[in-house]
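What follows is one structure encoded as structure tokens, with my remarks underneath.
The structure displayed is predicted, hence computed values, not measured ones.
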Amino acid sequence: MMRPILVSLCASLLLVGCNDKPDENPEPGPIENPGETPAPRGATVSWDEYEAEAGALSGGAALERTVSGAWLEGTLSGEASNREAVTLPSPSASIAWTSRVKANAVVVRYSVPDDKEAHLDVYVNDAKVATLTVNSDYAWLYTGPNNTETHNALPRQQVDELPQNPSPNDENFGLKLPWTAAHHIYDEAHVLLASNGQATIHPGDVVKLVSPDASAQVPVTVDFMDLELVPEPLSAPADHVVVREFTEAAIVRALQDAQSGGKPGIFLPPGDYVMAHENPTQPKVYVPAGLTVQGAGMWHTRIVPPSPKDVGYNHEFGFRLSGDNITFQDFAIFGSWRNRTVRYNKAAADLNQWPWDSYDGIGRAFDRYMHNNAVFKRLWIERMIVGGWVEGGNNMLWEDSRFRNTIADGINFCNGTTNSRIVNCTARNTGDDAFAMWSAITWDKSPIPETPWVHQPEGPNQGNVIERCTAGLIWRAAGFAVYGGHDNVIKDSVVYDTLRYPGITVDNEFAPQHEFSGRTTIQNMTVERCGGRMWWDDDGVHGDETARRMWGAVWLFAANPYSPAAPSSPLRFQGIRLKDIDIIDPVYAGVLVQSTQGQRIEDTELDGVRIVLERAGAFGFVANDSHKAPPSPLSGKIPTTGSLTLKNSSVTGARSHPGNLFSTDAPSTGMFSFKDGGGNTWTGDR
């Protein structure tokens with residue numbers, strides 16, 4: 001039954017009476033167009049996806065599904081798309097689907113136990129057409145029971161090197177043994193069945209997966225299969241320099257020849273180009289201004305590291321820009337990164353030295369200053385730490401690209417990026433924000449006298465747009481995130497199945513950064529099965545999953561980092577507009593609002609936020625004290641303050657009732673209000 005209700009809470013949360021009256025005076029601006037048909041949401045992709053649980057199961061294939069309780073990271077169902085998967089426990093088990101499309105390529109998302117390897121045979125109409133190797137080489141990371149430093153998520157081999165008797169200081173960095181908290185347990189394998197662009201799979205064909213060596217010791221779990229029709233390789237443009245050898249040195253020579261010869265760019269024919277550095281101190285390839293790096297297609301041209309058997313994992317390589325008007329398109333970059341920012345150095349520990357080698361800042365396919373008018377199109381980036389770490393730059397375009405299984409971000413617009421766009425891109429299984437805009441202050445110019453460790457700002461992010469993108473299965477951080485800046489927009493996009501974080505984050509916690517000014521717009525979005533338990537234990541819980549604090553599917557966090565210009569002043573959190581957001585089955589709450597140090601939520605409006613609590617979700621809207629203690633001289637948790645206006649919004653679904661539409665556990669000394677903007681409806685009793 002749908003009806004307006006009045007919810008009364010403690011003094012720190014006030015909801016003014018709701019009504020069914022629509023907003024008669026919409027505020028002018030780009031997000032207020034009630035007569036327009038909303039744009040389609042999410043990326044338009046070239047593949048067709050088949051969930052394992054929707055296939056025909058036989059021979060003992062077993063459905064992985066969480067029947068009760070929360071979806072948990074480190075479990076086969078918790079980390080799966082749609083929170084369901086299928087396990088093949090023996091060679092007689094299989095999954096089959098009827099193809100809806102023409103295809104000549106197969107991608108399978110899978111999980112096998114750590115330190116194991118198996119195979120998946122691909123059959124089309126009972127004829128075997130390919131065999132995929134599925135192993136744990138790029139999956140299975142571990143953290144300690146207190147998870148205090150999430151960057152210290154390490155593969156099994158490095159966990160084995162951890163000190164067996166850590167000091168109290170070590171425990172503060174997540175070293176408290178045993179490291180048994182496993183996560184990031186899925187990976188992907190793919191095969192191109194025909195390189196000439198012709199279909200080998202047709203509508204109506206039956207595609208079946210069988211693991212010939214699956215067993216009770218090595219079960220193979222399938223999350224989904226993608227079928228794709230890959231076109232034939234592109235030909236070399238007549239005026240480009242063609243790279244004749246599959247080496248990094250050959251790419252560098254071709255770039256030099258193109259620049260000196262006045263050519264527009266270089267062409268990379270089909271093949272794997274191995275980035276084995278002649279000079280290890282210069283691991284990046286610098287591309288001169290005005291040139292294009294053109295591949296034969298992301299399935300045909302690949303930039304890869306040397307074999308881990310030769311150089312080990314975590315091999316550093318990638319591209320940097322040396323000027324304006326540079327284009328990269330139609331190729332793939334596959335790395336060998338297995339963990340993020342730190343590595344335990346046993347040799348240093350044996351000498352009683354600091355045992356962590358910092359790796360943050362490397363492993364990025366594209367990074368550093370991006371200059372102006374750079375274009376990145378039809379790229380496939382996988383197993384790097386970051387796809388694109390963008391510092392500065394104006395009028396850039398990232399389009400029609402895929403980011404998969406990265407250890408950190410897909411793309412992060414940082415340090416004064418302006419008037420740039422991310423369009424029709426996808427990201428899945430990333431280990432930090434899939435798509436982010438971060439107005440960080442970290443580089444360039446001279447230091448500020450009062451805070452010499454902070455450099456003069458390059459400027460806030462402004463005028464950027466992320467549109468028609470899809471992010472899913474994010475295992476650390478959010479699908480879409482904005483950290484400060486102004487006049488930035490995220491729209492017409494989809495995020496699903498985050499594991500430890502919100503689907504959408506609006507946040508100014510990362511000092512030093514520019515505050516929110518002007519407007520920040522998030523519009524026409526779908527957020528499905530997002531949020532969850534925090535990475536780290538809170539209030540001394542020490543590993544108790546049930547006692548950890550929770551994220552909302554959407555998180556608004558008004559933190560109060562210092563301002564480099566005036567360290568004692570707060571950074572404003574204001575001008576936030578969320579319009580036409582569908583939040584479906586949040587793991588915990590639809591929207592979580594928090595602040596620190598008494599920072600206020602101001603001039604923030606949610607219009608058309610529709611929360612459905614059907615399969616999951618405990619609350620619609622939550623405002624509480626921050627999970628993060630404020631810096632000195634303040635201490636303890638600080639209640640959320642300020643207000644947020646709700647318009648044309650609702651909480652519905654089988655799990656909704658008057659007692660869980662709004663919640664707060666903030667101390668009564670604080671004051672925060674959800675203000676009624678009209679047009680709201682809430683599910684009554686069930």
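No option in Ile422, Ile411, Asn464 other than Ile411 meets the side-chain contact (heavy atoms from CB on, under 4.5 Å) test with Val390. Each of Tyr483, Phe516, Phe557 was scored for a ring-ring contact (aromatic ring centres under 6.0 Å, His included) with Phe573, with one residue passing: Phe516. Checked against Lys579 for a side-chain contact (heavy atoms from CB on, under 4.5 Å), the options Lys491, Met525, Gln523 give a single hit: Gln523.
Salt-bridge annotation for Asp497 and Arg83: present, with a side-chain N of the basic residue lying under 4.0 Å from a carboxylate O of the acidic one. Residues Lys377 and Asp330 are not paired through a salt bridge, judged by the lack of any N-O separation under 4.0 Å between the basic side chain and the carboxylate. Note on Lys647 versus Glu605: salt bridge recorded, some NZ/NE/NH1/NH2 to OD/OE distance being below 4.0 Å. Taking the charged nitrogens against the carboxylate oxygens, Arg41 and Asp582 do have a contact shorter than 4.0 Å, which makes a salt bridge. Between Glu391 and Arg368 no salt bridge is recorded (no basic side-chain N to carboxylate O distance below 4.0 Å). A salt bridge between Arg468 and Asp492 is absent, with no side-chain N of the basic residue lying under 4.0 Å from a carboxylate O of the acidic one. Using a cutoff of 4.0 Å between basic side-chain nitrogens and carboxylate oxygens, Arg428 and Glu49 are scored as salt-bridged. Salt bridge annotation for Arg610-Asp580: present, with a cationic side-chain nitrogen under 4.0 angstrom from a carboxylate oxygen. The residues Asp432 and Arg340 are annotated as salt-bridged, a charged nitrogen and a carboxylate oxygen being separated by less than 4.0 angstrom. With respect to the salt-bridge test (charged N to carboxylate O, under 4.0 angstrom), the residues Asp48 and Arg100 qualify. Between Arg404 and Glu382, no side-chain nitrogen of the basic residue sits less than 4.0 Å from a carboxylate oxygen of the acidic one, so the salt-bridge criterion is not met. Salt bridge annotation for Glu467-Arg421: present, with a cationic side-chain nitrogen under 4.0 angstrom from a carboxylate oxygen.
At a cut-off of 3.5 Å, with distance as the only test, a side-chain donor of Glu53 or Asn82 sits close to an acceptor on the other residue. Looking only at atom types and distance, the side chain of Asn488 has no donor-acceptor partner in the side chain of Asn461 under 3.5 Å away. Asn419 and Asn394 are linked by a side-chain donor-acceptor pair at a separation below 3.5 angstrom, with hydrogens and angles left out of the test. Using modelled atom types, one finds no donor on one side chain facing an acceptor on the other under 3.5 Å when comparing Asp585 with Tyr496. Judged purely by distance below 3.5 Å, without hydrogens or angles, the side chains of Glu51 and Ser81 pair a donor atom with an acceptor atom. For the 3.5 Å distance criterion, the side chains of Ser77 and Thr66 qualify, holding a donor opposite an acceptor. A donor-acceptor pair shorter than 3.5 Å can be found between the side chains of Gln594 and Asn624. Judged by distance alone, the side chains of Ser46 and Glu228 do bring a donor and an acceptor atom under 3.5 Å apart. In this structure, a donor-acceptor pair under 3.5 Å is present between the side chains of Asn373 and Asn395.
Residues Ile385 and Thr406 fail the side-chain proximity criterion, which asks for heavy atoms closer than 4.5 Å. Side-chain contact between Trp389 and Phe413: absent, with no pair of heavy atoms (C-beta onward) separated by less than 4.5 Å. Phe334 is not listed as a side-chain neighbour of Ile381, based on a closest heavy-atom distance of 4.5 Å or more.
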| task | List the steps and the verdict of side chain to side chain contact (heavy atoms under 4.5 Å, CB included) for Val609 and Ile583. | result | CA-CA 7 Å; Val609 174; Ile583 301 173; 3.9 Å; yes
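When all heavy atoms are compared, the tightest approach of Ser517 to Arg572 is CB-NH2, 3.7 Å. When all heavy atoms are compared, the tightest approach of Leu379 to Gln329 is CD2-CA, 3.9 Å. Heavy atoms only, all atoms of each residue included: Ala471 and Ala434 are closest at CB-CB, 3.7 Å. Nearest heavy-atom pair, Cys530 versus Gly503, reported as atom, atom and distance to 0.1 Å: CB-N, 3.6 Å. Closest of all the heavy-atom pairs between Ala374 and Leu321 is CB-CD2, 3.6 Å. Taking both residues in full, the closest heavy atoms of Lys102 and Leu229 are given as O-CB, 3.5 Å, listed atom of the first, atom of the second, then distance.
Side-chain atoms of Thr604 do not come within 3.5 Å of backbone N or O of Ile601 as any donor-acceptor pair. Judged purely by atom type and a 3.5 angstrom limit, Asn415 has no side-chain atom pairing as donor or acceptor with the backbone of Gly392. Side-chain atoms of Arg500 come within 3.5 Å of backbone atoms of Arg533 as a donor-acceptor pair (strictly under, hydrogens ignored). Side-chain atoms of Arg577 come within 3.5 Å of backbone atoms of Asp603 as a donor-acceptor pair (strictly under, hydrogens ignored). One N or O on the side chain of Ser493 and one on the backbone of Cys469 form a donor-acceptor pair closer than 3.5 Å.
Taking the six-membered ring where tryptophan is involved, the planes of Phe328 and Phe331 are perpendicular, since the angle between them exceeds 60° and thus also 30°. A tilted orientation is assigned to the rings of Trp398 and Phe403, their planes being inclined by 30° to 60°. Relative orientation of the Phe435 and Phe480 rings is parallel, given thresholds of 30° and 60° on the angle between their planes. Between His184 and Trp475, the ring planes are tilted. Angles from 30° to 60° get that label.
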